[in-house]
Amino acid sequence: MSLERESCTSSYCEDPQIVEMDTDILLIGGGMANCGAAFEVMPWAKKFGLKVTLVDKAAMDRSGAVAQGLSAINTYMGGQDPADYVRMVKNDLMGIVRDDLIYDVGRHVDDSVHLFEKWGLPVWKQAGDEGKPLDKGGKCVRSGKWQIMINGESYKVIVAEAAKKALGEENIFERVFIVKLILDEKEDNRIAAAVGFSTRENKIYYIRANAILLAAGGAVNIFRPRSVAEGMGRAWYPVWNAGSTYTMAAQVGAELTMMENRFVPARFKDGYGPVGAWFLLFKAKATNAKGENYMVTNGEMLKDYPPYGLAAVPATCLRNHLMLKEMKEGRGPIYMDTATAMKELAATMDEKQVKHLEAEAWEDFLDMCVGQAGLWAGMNIQPEVVGSELMPTEPYMLGSHSGCCGIWVSGPEDIAPAEWQWGYNRMTTVKGLFTAGDGVGASGHKFSSGSHAEGRIAAKAMVKFVLDNKDFKATISKSAKDFAAEIQKPFKTFEQFKNVTTDDYVNPNYIRPKMLMYRLNKIMDEYVAGTSTYYVTSAALMNRALELLTWLKEDSEKMAAKDLHELMRCWENYHRIFTAEAHLRHILFREETRYPGFFYRADFPKLDETNWKCFVNSKYNPKTNEWEMKKVPHKDLVPLTK
């Protein structure tokens, strides 16, 4: 009996259609940052006759971290001093941030929030101010000093609609995955083009551009997730974030910064549901299995990390640090005491108000994490009656939430010191390549509104850059057909070897993308401070991980794709592996434990303010495949305390 199967009858085995384009400004990604950029750039583009193109791996309506919705906008000044916002971010990120970038977001973010409300986003208002817009003095309902409550199940749809209307449908290409940036061959260190493929049709896109804004999100599924088997895919940050922003920038020589930083959010166990509203709006407390408030019982531990542990709100990683102590010493599970919080709030309310409160507690999840509501229902949990387990998640890489890894960028001309400013706000160290949102390093806590504002900031700088370089013409000798062959190599690998075995997933000549991702997850989890080691690593462990990653990269050249969906997964893996290596190399270089609760260096267990209160930057040389690591001096433009 022959093992031979039918030869490929799909269009994937045929030569792809190659779509070549020229544009002045290319926006890569359809999340909040590029929605902001698209809205801001078009009036200027029309004025100066510039062409703007946006390419999104997904569809803009539900693309990015805000895809499912949100119940709060986490960054809104509302008359507060942006310098105080800088202080909050700096303390939460253990002292090492770019004050200029954070202040720049703080002074512009409210305008984006006012636009959201104008476009139709429902913002909660205090009694008597219903219907009064924020920009007209309407008083919002805050769930913390910087957060405001919204009905945000359609948040992204509303913001995307404004961006699409500004751009025009003819300038938007959805379901197109950009996988590689290209440098100019004539002008040194100059971005020139981007290439990618359609995830729905057999098409390759080759786009030459004067300037590119790369804002394709952070990185998820680098580490083995806590949710496995049938739960695989349930994560806190969007699973389609594959590190594309960091990888594509670094592979053309852009300098990275703080890639050792990662975020390990404590979230409701298994459902990954948000905890912010419960802590801030409903005033719930987290307890150990004995019902003790471990932030109180372990309070002395915070004194080991001055000044970050001594602030009114200790750094997020330190709150994890105290939680992990309880878990390791057998006082888990950890619970969010939702029942007591609801009971205390209800004590001053009538029955109608109590019902409204309970509805809002559920809506917090229905707005942004439906899976959590489903999990509670499936486990017979009523959060107003019993507590629900909390658990720190697997690590995530991001630059817009409570993390600050990313790309080293130029700052605002009126704030940034000379060494942090090379002419165009949010431009990377590669000429013409800009970033925003999760892409900007050393500048966390932007969240959705700040990412939108940062996209707008970058857009205006890009217009200036393009006008200053209007005579630029890309010089690239490699043909679009050559790029197409490189992108579609996994198709050819599958077709060549598929008949060697009867099971497509077991083959000595190739590896399918899902299995390769599992290998990456295992390496990072066990050697680079994942959940299985309680986030502990060391130089010896990481050097072993580098060996294993070297072999994994070799094997990744033999990934095989059966269809376009798997081709997308292959390229996501290429990006994940590179981002994982950058993360590992940064932790290995930083010889201290800067973020206890997020990761621990067993060989350097202490915070070292004397030697390591600095940025760690890296640069990958695409010609030699070598990494250069260095310290960059830190500067406090805004003092940590008033």
Side-chain angles (χ1 to χ4, degrees), residues 18-29 33-34 36-55 166-168 170-173 176 178 180-196 204-215 248-255 407-414 416 418 420-436 439 455-483 619 622-623:
I18 295 176
V19 181
E20 291 195 47
M21 289 187 283
D22 290 279
T23 191
D24 292 299
I25 293 175
L26 175 62
L27 309 177
I28 300 175
N34 266 334
F39 173 79
E40 187 68 33
V41 76
M42 289 311 293
W44 302 99
K46 290 175 182 176
K47 179 179 179 180
F48 296 110
L50 305 179
K51 180 174 175 57
V52 180
T53 305
L54 184 143
V55 179
L167 272 174
E170 70 279 7
N171 296 312
I172 301 170
F173 295 83
V176 173
I178 296 297
K180 194 179 186 68
L181 301 181
I182 307 166
L183 291 171
D184 190 72
E185 294 176 6
K186 187 176 180 181
E187 186 176 343
D188 187 49
N189 192 41
R190 174 67 155 89
I191 205 67
V195 293
I204 298 293
Y205 285 80
Y206 177 42
I207 308 171
R208 291 173 289 270
N210 197 329
I212 294 176
L213 177 54
L214 176 60
M248 287 195 287
Q251 287 180 340
V252 291
E255 196 166 313
I407 306 167
W408 190 246
V409 300
S410 181
E413 295 179 13
D414 62 328
W420 295 356
Q421 195 267 116
W422 44 93
Y424 300 93
N425 203 348
R426 267 56 173 198
M427 191 171 81
T428 71
T429 55
V430 173
K431 188 176 179 182
L433 179 61
F434 294 73
T435 191
R456 296 173 67 193
I457 291 168
K460 285 187 280 193
M462 291 175 78
V463 171
K464 186 176 187 298
F465 174 86
V466 170
L467 294 176
D468 288 346
N469 295 271
K470 59 182 180 295
D471 296 327
F472 172 75
K473 297 294 182 184
T475 303
I476 305 165
S477 60
K478 191 172 180 178
S479 71
K481 191 173 182 179
D482 290 336
F483 285 119
K619 186 175 181 181
K623 295 179 180 178

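We use all heavy atoms of the structure for the numbers below, so side chains are in, but hydrogens, waters and symmetry mates are not. Residues: numbered from 1 along the sequence shown.
Within the 4.5 Å cutoff, the side chain of L467 has heavy atoms near those of the F48 side chain. Taking the side chain as every heavy atom from C-beta outward, M462 and V41 never approach each other to under 4.5 Å. No side-chain heavy atom of R426 sits under 4.5 Å from any side-chain heavy atom of T435. W408 places a side-chain heavy atom less than 4.5 Å from the side chain of T429. In this structure, the side chains of I28 and L181 come closer than 4.5 Å at one or more pairs of heavy atoms.
The only member of D184, L183, I191 that meets side chain to side chain contact (heavy atoms under 4.5 Å, CB included) when paired with E187 is D184.
Minimum heavy-atom separation, E40 to A459: CB-CB, 4.2 Å. Closest non-hydrogen pair, A436 versus A215, comes out as O-CB, 3.9 Å. The shortest heavy-atom contact between A166 and A38 is CB-O, 3.9 Å. In plain terms, the two heavy atoms of D24 and G49 that are nearest each other are OD2-O, 4.2 Å. A192 and I476 make their closest contact through CB-CD1, 4.0 Å (heavy atoms, listed as atom of the first residue, atom of the second, distance). Nearest heavy-atom pair, L26 versus A194, reported as atom, atom and distance to 0.1 Å: CD2-CB, 3.8 Å.
Counted within 6.0 Å of CG on D188, heavy atoms from surrounding residues, nucleotides or ligands total 12 or fewer; the atom is thus considered open. For K619, the NZ atom sits in a loose shell: 12 or fewer heavy atoms of surrounding residues, nucleotides or ligands are nearer than 6.0 Å.
Judged as a side-chain hydrogen bond (donor to acceptor under 3.5 Å, both in side chains), and not counting sequence neighbours, the contacts of E20 are R208.
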### Message
Between I407 and M427, does the side chain to side chain contact (heavy atoms under 4.5 Å, CB included) criterion hold? Intermediate values first, please.
### Response
CA-CA 9 Å; I407 306 167; M427 191 171 81; over 6 Å; no
### Task
Might you work through the side chain to side chain contact (heavy atoms under 4.5 Å, CB included) test for I25 and L213, ending with a clear yes or no?
CA-CA 8 Å; I25 293 175; L213 177 54; 5.7 Å; no
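Note that CZ of F465 and CG of L433 are 9.5 Å apart. Values are rounded to the nearest 0.5 Å. Atoms OH and CD1, on Y206 and I182 in that order, are 5.0 Å from each other to the nearest 0.5 Å. A distance of 4.5 Å separates CG in N171 from NZ in K51, rounded to the nearest 0.5 Å. M21 CE to Y205 OH: the interatomic distance, rounded to the nearest 0.5 Å, is 6.5 Å. Taken to the nearest 0.5 Å, the CD atom of E255 stands 10.0 Å off from the OG1 atom of T428. With values rounded to the nearest 0.5 angstrom, F434 atom CZ is found 11.0 Å from I212 atom CD1.
Within the 3.5 Å criterion, the main-chain N or O of T23 finds no donor-acceptor partner in the side chain of T53. Between the side chain of N210 and the main chain of N469, a donor-acceptor pair closer than 3.5 Å is present. At distances below 3.5 Å, at least one donor-acceptor pair connects side-chain atoms of N34 with backbone N or O atoms of G29. In this structure, the side chain of D482 does not engage the main chain of K478 through any donor-acceptor pair within 3.5 Å.
Judged as a side-chain hydrogen bond (donor to acceptor under 3.5 Å, both in side chains), the pairs with a partner in residues 459-468 (not counting sequence neighbours) are, in order, Y424-D468, K464-D468.
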